[in-house]
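Just so we're clear, the structure is a prediction, and the values are computed from it rather than from any experiment. Chain letters run A, B, ... following the sequence lines, proteins first and then strands; every chain starts at 1.
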There are 2 protein chains.
Amino acid sequence: MSLTQAILTSLLEKPCTGAELARRFDKSLGYFWQATHQQIYRELGAMERDGLIAAHGLPTARGRQRHFTVLAPGRAALETWCAGEGELRPIRDELLVRMRGAAVLGTVDVSAELRRHQGLHHEVLQRYEAIAERDFPSGAQRSTADELQLAVLTAGIVYEKSWLAWCEDVLAGPAGD
Amino acid sequence: MSLTQAILTSLLEKPCTGAELARRFDKSLGYFWQATHQQIYRELGAMERDGLIAAHGLPTARGRQRHFTVLAPGRAALETWCAGEGELRPIRDELLVRMRGAAVLGTVDVSAELRRHQGLHHEVLQRYEAIAERDFPSGAQRSTADELQLAVLTAGIVYEKSWLAWCEDVLAGPAGD
DNA sequence: ATATCCATGTAACGTGTTACATGATTGT
DNA sequence: ACAATCATGTAACACGTTACATGGATAT
């Protein structure tokens with residue numbers, strides 16, 4: 001599972017608490033991997049037991065902040081994993097299930113839902129493009145790390161653009177007959 | 001969850017057994033929703049309890065084939081659901097986690113994995129395009145149902161093309177400096 | 001009859017989601 | 001002191017995956 005590795009990456013960038021991690025998953029990390037705070041605390045507990053990370057601040061009290069840092073085995077585990085191979089993740093999209101169902105039923109119109117998705121994808125795309133322009137302005141000098149981070153962001157942009165184009169295509173196509 | 005609806009759709013097209021459903025999920029259905037036979041049997045059991053589908057063939061014996069058909073409440077449930085709204089599914093991609101990790105570590109080269117993914121996406125794309133050409137040849141007359149099914153298939157094609165383009169872009173970009 | 005395969009399941013576990021609970025901190 | 005908020009956590013459940021088990025059908 002990638003949650004462990006996403007957490008290790010984020011903690012390597014800057015050690016922090018579980019709640020701060022949850023906030024990061026709602027921002028930059030969330031562009032390519034999502035997690036709720038319950039998942040994060042569960043995973044942090046397991047990672048601590050496995051000796052990948054360590055906490056400063058005692059686990060005895062409940063509401064006490066615990067700052068986590070990555071230990072050497074954690075960094076090693078991340079390096080090994082990052083150098084490894086993974087599978088392609090196939091599409092798994094509710095909207096497509098709806099459309100396939102509508103095709104069979106013949107009594108449902110999905111065009112409104114298509115337009116709604118078009119709008120949502122448009123919003124997300126604009127958000128990504130704003131971040132790209134802010135953090136990686138074109139023409140600026142970039143390190144290898146910057147190139148990689150920009151590539152990750154670009155994946156999101158390409159992804160949203162392709163869905164947008166598809167929505168336009170499907171909405172225009174059948175009507176154009 | 002969309003598994004229920006995907007099963008209803010497939011059973012409406014043609015009633016069949018659980019094993020046959022599993023085979024369909026490995027083919028056309030699997031392009032936009034995946035399920036193993038264990039998930040399918042579990043879900044069929046729940047749907048039967050809920051009165052959405054019914055089986056011909058007794059459930060008493062273990063290895064006996066049971067053909068399922070959709071009941072009126074099942075069709076109604078599918079119609080309601082297909083006319084409803086759904087959320088966008090954000091990207092959740094291991095490769096991007098690897099790249100973000102590599103950016104932080106600075107000691108890992110992900111280009112080989114990128115090229116591997118490029119090849120895999122290329123394979124999938126060719127498979128989709130072959131299906132599109134076979135089942136929906138360009139220039140042919142198409143019903144509304146055909147248009148919808150083609151749109152679903154096109155989503156897969158657009159998706160794979162966009163990842164392919166991204167892989168090429170990332171592999172070429174930093175080297176082109 | 002027996003080996004093989006197929007259809008149908010069970011069991012166990014990991015991951016993801018939702019709702020809720022409790023101790024600490026902060027503001028008034 | 002009290003309310004509001006934050007950080008941490010528990011509980012329960014739904015979904016997904018892997019491994020395995022059992023009854024029926026088929027072929028030789």
Side-chain angles (χ1 to χ4, degrees), chain A residues 1-7 10-11 15-26 29-30 32-50 52-68 81 86-94 97, chain B residues 1-7 10-11 15-26 29-30 32-50 52-68 81 86-94 97:
Chain A
M1 226 263 307
S2 309
L3 181 54
T4 311
Q5 287 77 24
I7 290 175
S10 193
L11 286 180
C16 67
T17 68
E20 170 62 20
L21 267 177
R23 266 177 246 117
R24 293 185 196 171
F25 269 97
D26 282 341
L29 275 179
F32 52 93
W33 204 267
Q34 300 82 42
T36 61
H37 86 266
Q38 290 86 346
Q39 277 179 275
I40 291 165
Y41 284 121
R42 186 201 280 168
E43 193 66 25
L44 283 173
M47 292 164 73
E48 190 180 14
R49 273 196 305 280
D50 295 347
L52 303 181
I53 59 176
H56 316 132
L58 297 177
T60 48
R62 194 164 186 165
R64 281 216 104 95
Q65 281 198 346
R66 307 182 68 214
H67 280 260
F68 290 92
W81 184 84
E87 298 303 306
L88 292 193
R89 186 164 286 246
I91 298 184
R92 181 172 266 236
D93 193 301
E94 241 184 54
V97 179
Chain B
M1 223 264 306
S2 309
L3 181 54
T4 311
Q5 287 77 24
I7 290 175
S10 193
L11 286 181
C16 67
T17 68
E20 170 62 21
L21 267 177
R23 266 177 246 117
R24 292 185 195 170
F25 269 97
D26 281 340
L29 275 179
F32 52 92
W33 203 269
Q34 300 81 40
T36 61
H37 85 266
Q38 291 85 347
Q39 276 180 276
I40 291 165
Y41 284 120
R42 187 200 279 168
E43 193 66 26
L44 283 173
M47 292 165 72
E48 191 179 13
R49 273 197 305 280
D50 295 346
L52 302 181
I53 58 176
H56 315 133
L58 297 176
T60 48
R62 194 163 186 166
R64 281 216 104 95
Q65 281 198 347
R66 307 183 67 216
H67 281 259
F68 290 93
W81 184 84
E87 297 303 307
L88 292 192
R89 186 164 286 246
I91 296 185
R92 178 172 269 235
D93 193 301
E94 241 185 54
V97 178

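- A 4.5 Å side-chain heavy-atom check between A:L11 and A:L21 finds at least one atom pair inside the cut-off.
- Residues satisfying the side-chain hydrogen bond (donor to acceptor under 3.5 Å, both in side chains) test with B:Q34, not counting sequence neighbours, are A:R92.
- Shortest non-hydrogen contact noted between B:E94 and A:W33 is N-CZ3, 4.0 Å.
- As a whole-Å value, the separation of B:R66 CZ from D:dT22 C1' is 16 Å.
- Within the 4.5 Å cutoff, the side chain of A:F68 has heavy atoms near those of the A:L44 side chain.
- The ring pair (Phe, Tyr, Trp, His ring centres under 6.0 Å) test applied to B:F25 returns no partner, not counting sequence neighbours.
- With a 4.5 Å cut-off on side-chain heavy atoms, A:R42 and A:M47 do not count as touching.
- For B:I40 and D:dA14, the CD1 to P distance is 20 Å, given to the nearest whole Å.
- Partners of B:S2 by side-chain hydrogen bond (donor to acceptor under 3.5 Å, both in side chains), not counting sequence neighbours: none found.
- Going from atom CD of B:E87 over to atom P of C:dG16 covers 18 Å, rounded to whole Å.
- Residue B:Y41 has no polar side-chain atom (N or O) positioned under 4.0 Å from OP1 or OP2 of C:dG9.
- Contacts of residues 17-26 of chain B with DNA chain D (heavy atom under 4.0 Å): none.
- As rounded to whole Å, 14 Å separates atom P of D:dG9 from atom CD of A:E43.
- Remark: A:R64 is not in phosphate contact with D:dC6, judged by side-chain N or O atoms under 4.0 Å from OP1 or OP2.
- A straight line from CG of A:L44 to C1' of D:dT10 spans 16 Å, rounded to a whole angstrom.
- In this structure, B:Q65 places its CD atom 13 Å from P of D:dG24, rounding to the nearest Å.
- With sequence neighbours excluded, the residues that form a side-chain hydrogen bond (donor to acceptor under 3.5 Å, both in side chains) with A:R23 are A:E20.
- Side-chain contact check for B:T36 versus B:I40: every heavy-atom pair is 4.5 Å or farther apart.
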Sort me out a list of protein N/O and nucleotides 17-21 of chain C N/O pairs below 3.5 Å, or just none if empty.
from	atom 1	to	atom 2	distance (Å)
C:dT17	O4	A:R42	NH2	3.3
C:dA19	N6	A:Q38	NE2	2.8

